[in-house]
Amino acid sequence: MKPLIGISCCVKPFGIFATPNHAASDSYIRVVLGPVDGIPVLLPAAGEALVPEILPRLDGLILTGSRSNVCPEYYEGPPHAEGTPEDKARDATTLPLIRAAIAAGLPLLAICRGFQELNVALGGSLNQRVQDLPGRIDHSTPSDQRFAKVRTAKAHNVRLLPGSFLAELSGRTEIPVNSLHNQGVARLAPRLAAEGWAPDGTIEAVRVKDAPGFAYGIQWHPEYDWETDSLSRTLFERFGAAATAWAARRALPQAAE
Ligand SMILES: N[C@@H](CCC(=O)NCCCC(=O)O)C(=O)O
């Protein structure tokens, strides 16, 4: 039985009246139907009340990337600069969703904004513009590059912790990644272990220390290049295998109360 994979949605304006819609990129739908080998379930940014109702019916959770930034009030940060995109509805949904998913042991893969949400949900904080920090490189989407190129281009290497999940998966100590973010980890949440770093020291990969199963976050976007990048594909296949195992357990007859 294919696993049901929850995919976090953003609230974005659509159409001539710019009405709010709950949306996720087609990249996530295609990767779930592809190497994850699951069934995508879009999770609207409908708030914390959604969490206890939907979580028991999922076999895995993907926290997606998005241009909007996690609101600073969730990590005692300064207000965003004027014009910074925010998505309060998404924050109010994904942060409790992440905590509940980790408490349940649900397989979880947090990508870019999702990676930042994972850190904030567990008590960490963010820098709002990494590129403005001394000694840091620009991790954002270069405005002079066509988006398509930025999605698949490798922007920098990530040094992997020896023996870490990604080091084992890749068989390498360093991997090249794309990069489309302004925010970055400032204070790492206590329950997260850093397992990958950019050349400027920015944390790029984390593991949930006390998670019983698959629970990782990455700052880059493997959903953009899994068709050409074997590590990206393998990462999703491993997440899918964990979700499939979760689905099999969920299908077992529940012990009578
Ligand atoms: N807003 C955050 C996270 C950035 C992120 O998820 N980028 C991917 C954007 C893809 C898209 O445009 O949908 C930050 O800037 O750090």
Side-chain angles (χ1 to χ4, degrees), residues 8 10 12 25 27-28 63-88 90-91 94-95 98 109-161 164 166 172-189 192-207 216-225 229 231-232 235:
S8 57
C10 303
K12 295 185 174 181
S25 165
S27 302
Y28 300 104
L63 286 308
T64 59
S66 179
R67 282 192 182 279
S68 64
N69 288 356
V70 181
C71 289
E73 58 256 33
Y74 288 106
Y75 58 88
E76 306 90 42
H80 279 139
E82 185 70 29
T84 302
E86 296 182 340
D87 188 341
K88 294 183 185 295
R90 169 163 172 163
D91 295 340
T94 53
L95 297 180
I98 288 167
L109 178 58
I111 296 171
C112 203
R113 191 196 204 271
F115 164 89
Q116 295 161 0
E117 289 169 334
L118 175 62
N119 186 49
V120 171
L122 297 183
S125 66
L126 302 176
N127 292 311
Q128 293 181 8
R129 283 181 50 86
V130 173
Q131 58 267 45
D132 294 346
L133 300 175
R136 302 293 186 93
I137 60 177
D138 185 347
H139 292 251
S140 67
T141 308
S143 53
D144 62 349
Q145 281 192 23
R146 284 187 315 105
F147 189 51
K149 181 180 172 191
V150 172
R151 282 157 66 105
T152 53
K154 302 297 186 185
H156 62 71
N157 277 357
V158 169
R159 176 176 57 85
L160 301 174
L161 180 71
S164 64
L166 284 167
R172 301 172 62 173
T173 57
E174 280 204 6
I175 56 171
V177 299
N178 54 34
S179 186
L180 295 90
H181 64 101
N182 299 280
Q183 294 191 305
V185 172
R187 182 183 70 249
L188 186 63
L192 297 179
E195 296 201 344
W197 297 264
D200 64 359
T202 301
I203 294 174
E204 293 267 340
V206 297
R207 171 180 55 85
Y216 296 98
I218 54 179
Q219 183 65 83
W220 66 93
H221 292 266
E223 77 281 11
Y224 291 161
D225 63 5
D229 183 295
L231 176 58
S232 295
L235 174 63

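The first residue of the sequence shown is numbered 1, and numbering continues consecutively from there.
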Atom pair [atom1] ([X]) and [atom2] ([Y]), whose distance is rounded to the nearest 0.5 Å:
{"X": "Thr173", "Y": "Leu161", "atom1": "OG1", "atom2": "CG", "result": "11.5 Å"}
{"X": "Leu118", "Y": "Gln116", "atom1": "CG", "atom2": "CD", "result": "10.5 Å"}
{"X": "Arg67", "Y": "Lys12", "atom1": "CZ", "atom2": "NZ", "result": "8.5 Å"}
{"X": "Leu95", "Y": "Tyr75", "atom1": "CG", "atom2": "OH", "result": "11.5 Å"}
{"X": "Gln183", "Y": "Ser125", "atom1": "CD", "atom2": "OG", "result": "10.5 Å"}
{"X": "Asn127", "Y": "Asn182", "atom1": "CG", "atom2": "CG", "result": "11.5 Å"}

With a 4.5 Å cut-off on side-chain heavy atoms, are [Y] and [X] touching?
{"X": "Ile203", "Y": "Gln219", "value": "no"}
{"X": "Pro78", "Y": "Gln128", "value": "yes"}
{"X": "Arg207", "Y": "Ser164", "value": "no"}
{"X": "Arg136", "Y": "Thr202", "value": "yes"}
{"X": "Leu166", "Y": "Tyr216", "value": "no"}
{"X": "Arg90", "Y": "Thr64", "value": "yes"}
{"X": "Ile218", "Y": "Leu235", "value": "yes"}
{"X": "Phe115", "Y": "Val185", "value": "yes"}

If the plane angle is over 60° it's perpendicular, under 30° parallel, otherwise tilted; pick one for His181 and His139.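 Because their plane-to-plane angle lies in the 30° to 60° range, the rings of His181 and His139 count as tilted.
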Sorted by chain and number, sequence neighbours left out, side chain to side chain contact (heavy atoms under 4.5 Å, CB included) with Pro176 holds for Lys154, Asn157, Arg172
Contact summary for [X] and [Y], nearest pair of heavy atoms:
{"X": "Asp91", "Y": "Asn69", "answer": "OD2-O, 4.2 Å"}
{"X": "Thr84", "Y": "Ala81", "answer": "OG1-O, 2.7 Å"}
{"X": "Glu204", "Y": "Ala198", "answer": "CG-N, 3.6 Å"}
{"X": "Pro72", "Y": "Pro79", "answer": "CG-CA, 4.0 Å"}

The residue among Ile111, Ile98, Leu126 that forms side chain to side chain contact (heavy atoms under 4.5 Å, CB included) with Glu117 is Ile98
Ala153 backbone acceptor or donor facing Tyr224 side chain under 3.5 Å |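 Here the side-chain-to-backbone pair does not exist.
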Query raised in the report: Has the side chain of Asn119 got a donor or acceptor atom that lies under 3.5 Å from a matching backbone atom of Ala189?
Result: yes
Next on the checklist: Assess, by modelled atom type and distance only, whether the side chains of Ser68 and Arg113 contain a donor and an acceptor separated by less than 3.5 Å.
Outcome noted: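 There is such a pair between these side chains.
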